[in-house]
Q: 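Below is a structure I'd like to ask you about.
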Amino acid sequence: MIVNGRLEGHKADDITALSELDVSEGKRFQDGSMWGFFDRLRRQDPVHYCKDSPHGPYWSVTKYRDIVAVDTNHKAFSSERGVTIVDVPDKHWMQSFIKMGPPKHAEQRNTVSPIVGPESLTKLETLIRSRVRAILDGLPRNEDFNWVDMVSIELTTQMLATLFDFPFEDRRLLTYWSDVAVTTPRAGHAIDSWDKRTTILSECLDYFTGLWNERINAEPRLDLISLMAHSPATRNMKPSEFLGNLILLIVGGNDTTRNSITGGLLFMSQYPSELRKLTDNPKLVSSAVSEIIRYQTPIAHMRRTAAVDGILGGKQIRRGDKVIMWYISGNRDEEVIENANSFVIDRKNVRQHLSFGFGIHRCLGRHLAELQLRVLWEEILDARLEVNVVGAPERIASNFVHGYSALPVRIEA
């Protein structure tokens with residue numbers, strides 16, 4: 001990608017032997033160097049075997065059509081052993097419906113799906129719009145501030161609190177638990193062991209257990225806890241399964257949307273001609289939202305495990321092999337998406353992206369994510385708000401959540 005005349009994010013390490021190439025290092029996603037590695041894999045070895053990594057051996061699937069082939073075949077490529085490249089120790093394993101196959105997967109997924117159904121979204125739009133207006137009106141003028149904290153996190157955390165009917169004053173706990181849940185423990189970091197991670201997430205379970213006990217003894221309502229408490233498919237879950245589903249819903253409703261909110265503002269700054277298109281023609285908002293989600297790809301990968309021997313991209317995949325679908329790479333596959341490394345809000349087939357996945361595990365909250373982004377940009381345009389990016393974004397070192405910790409911006413009054 002060319003930004004201000006400079007080529008950024010495409011530092012392909014062509015010195016590394018292909019057989020030794022490991023794209024999973026989190027720092028690559030923090031400094032943007034993963035783009036060059038994915039370019040190389042798509043060209044030279046689209047279904048690539050990494051025999052040695054901190055996460056064990058794994059297959060990288062980097063082209064659009066191969067990713068769809070894996071994602072839509074849950075019988076051959078199972079999610080039951082986890083959906084991230086990291087193998088969680090058995091002691092700390094948490095079940096959730098994304099890690100299940102039919103029929104239990106559908107039963108639990110269908111339990112919570114009404115909250116993001118068309119009728120619910122129609123009601124939520126008014127609430128989202130009022131909150132967006134309040135957030136934008138309350139932003140500082142003539143001084144630098146962190147867009148991630150004051151807009152991206154605040155909007156999505158307010159929405160999560162509503163979906164769970166979670167005490168509003170404690171809503172930032174949801175952000176904290178989400179961040180902990182997607183953190184792989186590392187020595188010298190805040191989460192330095194699996195035990196510490198589990199201890200923190202047990203606090204999440206304790207809090208939500210209190211809410212569960214209130215809801216199960218009350219009339220059913222349209223919030224995620226009440227839906228699970230009153231459904232035959234979920235009301236008898238073990239505590240670890242309840243926690244697993246909580247984490248799935250918190251992360252799914254938080255990290256993906258919040259990082260697309262940040263990415264969208266950053267991309268409009270990097271591509272001012274696209275922002276001009278949008279300001280000249282606000283009807284492009286929905287198209288711009290899809291392009292933001294593609295270009296950001298907030299979940300960089302999903303993992304499957306081969307349930308049977310098979311062939312993918314001409315390679316022999318063995319039963320038990322770890323197969324990583326790099327959505328972030330497939331979304332830059334120029335065999336399917338023209339000029340894929342550029343941000344183009346009115347591109348043809350703009351909804352043709354991988355960010356929400358495919359098949360039975362397609363993102364449950366995708367329409368809610370699009371709704372929040374659409375409303376945000378409609379209100380930015382309506383207010384004629386000029387938000388200027390005034391410094392480099394700070395990205396997180398994760399190969400799973402493709403996100404930001406800070407984006408310094410300024411609004412001139």
Side-chain angles (χ1 to χ4, degrees), residues 74-75 78-83 88 93-125 127-128 156-168 170-171 173-174 177-178 181 201-257 299 302 356-372:
H74 65 271
K75 293 181 179 179
S78 170
S79 68
E80 294 183 16
R81 288 176 60 180
V83 295
V88 178
W93 175 262
M94 295 179 295
Q95 184 62 285
S96 65
F97 64 78
I98 200 173
K99 301 172 187 173
M100 298 175 184
K104 193 174 181 182
H105 163 266
E107 292 168 356
Q108 292 199 359
R109 180 183 168 107
N110 291 341
T111 291
V112 296
S113 62
I115 205 163
V116 289
E119 184 177 347
S120 179
L121 291 179
T122 299
K123 294 176 181 177
L124 285 173
E125 180 169 351
L127 177 62
I128 293 168
T156 52
T157 304
Q158 287 186 19
M159 192 71 259
L160 268 182
T162 298
L163 296 178
F164 283 110
D165 194 8
F166 189 87
F168 210 65
D170 288 342
R171 63 189 181 277
L173 284 172
L174 298 169
W177 290 328
S178 179
L201 293 181
S202 69
E203 297 167 2
C204 171
L205 176 61
D206 290 344
Y207 197 121
F208 273 99
T209 298
L211 298 179
W212 175 285
N213 291 336
E214 293 172 4
R215 309 287 160 81
I216 201 167
N217 293 310
E219 288 297 312
R221 306 199 301 261
L222 189 61
D223 68 77
L224 288 167
I225 304 303
S226 185
L227 288 170
M228 288 191 285
H230 288 277
S231 169
T234 49
R235 66 187 176 203
N236 296 314
M237 292 183 291
K238 294 179 181 178
S240 62
E241 187 175 338
F242 179 39
L243 179 58
N245 277 327
L246 287 172
I247 295 303
L248 171 62
L249 295 167
I250 291 170
V251 172
N254 177 42
D255 280 302
T256 54
T257 308
I299 296 298
M302 276 284 172
F356 293 132
F358 288 91
I360 65 170
H361 296 296
R362 186 164 172 78
C363 177
L364 179 66
R366 61 192 183 276
H367 298 306
L368 178 58
E370 291 172 331
L371 174 61
Q372 290 179 84

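All figures in this text were calculated on a predicted structure; none of them were measured in a lab.
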Q: What class does the angle between the rings of W177 and Y207 fall in, given that below 30° is parallel, 30 to 60° is tilted and above 60° is perpendicular?
A: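 Perpendicular, since the angle between the ring planes exceeds 60°.
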
Q: Would you check, one step at a time, whether the test side chain to side chain contact (heavy atoms under 4.5 Å, CB included) holds for R215 with D165?
A: CA-CA 10 Å; R215 309 287 160 81; D165 194 8; 3.7 Å; yes

Q: Would you check if the side chain of S79 reaches a backbone N or O of I98 as a donor-acceptor pair within less than 3.5 Å?
A: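 Looks like yes, one N/O pair under 3.5 Å.
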
Q: Answer whether the closest heavy-atom distance between the side chains of P118 and H367 falls below 4.5 Å.
A: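 Heavy-atom side-chain distance check fails, nothing below 4.5 Å.
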
Q: Any heavy-atom pair between the side chains of L124 and V116 that's under 4.5 Å?
A: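 No. Closest side-chain heavy atoms not under 4.5 Å.
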
Q: Can you give me the closest heavy-atom contact between T257 and A369, atom names plus distance?
A: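 In this case the closest contact between T257 and A369 is OG1-CB, 3.5 Å.
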
Q: Look up atom CG in L248 and atom CD in E241, then write down how far apart they are to the nearest 0.5 Å.
A: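 Nearest 0.5 Å value for the CG-CD distance: 11.5 Å.
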
Q: For the side chain of S178 and the backbone of L174, is there at least one donor-acceptor N/O pair under 3.5 Å apart?
A: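 Not a single qualifying donor-acceptor pair exists.
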
Q: Counting only heavy atoms not in R81, do more than 12 fall under 6.0 Å of its CZ?
A: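 Open: at most 12 neighbouring heavy atoms sit under 6.0 Å from CZ of R81.
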
Q: Minimum heavy-atom separation for L364 to S113, with atom names?
A: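 For L364 versus S113, the nearest heavy atoms are CD1-CB, 3.8 Å.
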
Q: Roughly how far, to the nearest 0.5 Å, is CG of L127 from CE of M159?
A: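 It comes to 5.5 Å.
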
Q: Would F97 and V112 count as a side chain to side chain contact (heavy atoms under 4.5 Å, CB included) here? Give the steps.
A: CA-CA 11 Å; F97 64 78; V112 296; 4.1 Å; yes

Q: Please determine whether a side-chain nitrogen of the Lys or Arg among E119 and K123 lies less than 4.0 Å from a carboxylate oxygen of the Asp or Glu.
A: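 Between K123 and E119 there is a salt bridge, with a charged N closer than 4.0 Å to a carboxylate O.
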
Q: Where the side chain of N217 meets the backbone of N213, is there a donor-acceptor pair that is under 3.5 Å apart?
A: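 Answer holds: yes.
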
Q: Taking C-beta and beyond as the side chain, do L368 and L163 meet within less than 4.5 Å on heavy atoms?
A: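 In short, these two side chains touch, coming nearer than 4.5 Å.
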
Q: Apply the test side chain to side chain contact (heavy atoms under 4.5 Å, CB included) to residues F242 and T209: give CA-CA distance (whole Å), side-chain angles for both, the deciding distance (0.1 Å), then the verdict.
A: CA-CA 9 Å; F242 179 39; T209 298; 4.2 Å; yes

Q: Atom CD of Q108 and atom CD of Q95: how far apart are they, to the nearest 0.5 Å?
A: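 Between atom CD of Q108 and atom CD of Q95 there are 8.0 Å.
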
Q: Less than 4.5 Å apart, any side-chain heavy atom of E107 and any of M100?
A: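 No; the side chains remain at least 4.5 Å from each other.
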
Q: Measure across F164 and L246 and return the closest heavy-atom pair with its distance rounded to 0.1 Å.
A: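 Smallest interatomic distance, heavy atoms only, reads CE2-CD2, 3.9 Å.
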
Q: Rounded at 0.5 Å granularity, tell me how far CG in N245 sits from CZ in F208.
A: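 Nearest 0.5 Å value for the CG-CZ distance: 12.0 Å.
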
Q: Taking the side chain as every heavy atom from C-beta outward, state whether S96 and I247 have any atom pair closer than 4.5 Å.
A: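 Result no, sub-4.5 Å side-chain heavy-atom pair not found.
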
Q: Has N110 got a side-chain atom pairing as donor or acceptor with A106's backbone, closer than 3.5 angstrom?
A: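 Yes; judged by distance alone, with no hydrogens or angles, the pair exists.
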
Q: Looking at every non-hydrogen atom in both residues, tell me the closest pair between W212 and A229 and how far apart they are.
A: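 Nearest pair, atom of W212 first, then A229: CH2-CA, 3.5 Å.
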
Q: With side chain to side chain contact (heavy atoms under 4.5 Å, CB included) as the test, would you mind laying out the steps for D255 and T156 before giving the verdict?
A: CA-CA 8 Å; D255 280 302; T156 52; over 6 Å; no

Q: Taking all atoms of both residues into account, what is the closest heavy-atom pair of P239 and L205, and its distance?
A: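 Residues P239 and L205, closest heavy atoms: O-CD1, 3.7 Å.
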
Q: Just so I know, are the side chains of M94 and L201 near enough to count as touching, which here means a heavy-atom distance under 4.5 Å?
A: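 Answer yes - side chains close enough.
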
Q: Can a donor-acceptor pair be found, under 3.5 Å and without considering hydrogens, that links the side chain of H230 to the backbone of R221?
A: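 Judged by distance alone, no pair lies under 3.5 Å.
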
Q: Please check if the side chain of R362 supplies one atom and the backbone of G357 the other of a donor-acceptor pair under 3.5 Å.
A: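 Yes: the side chain of R362 pairs with the backbone of G357.
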
Q: Partners of E219 by salt bridge (Lys or Arg N to Asp or Glu O under 4.0 Å), sequence neighbours excluded?
A: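 None.
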
Q: Rounded to the nearest 0.5 Å, how far apart are NZ of K99 and NZ of K104?
A: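 NZ of K104 is found 13.0 Å from NZ of K99.
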
Q: Taking atom CG of L371 and atom CD of E125, what is their separation to the nearest 0.5 Å?
A: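 Result: 5.0 Å between the selected atoms.
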
Q: Are S120 and L222 packed together at the side-chain level, in the sense that at least one heavy-atom pair is separated by less than 4.5 angstrom?
A: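 A side-chain contact under 4.5 Å exists here.
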
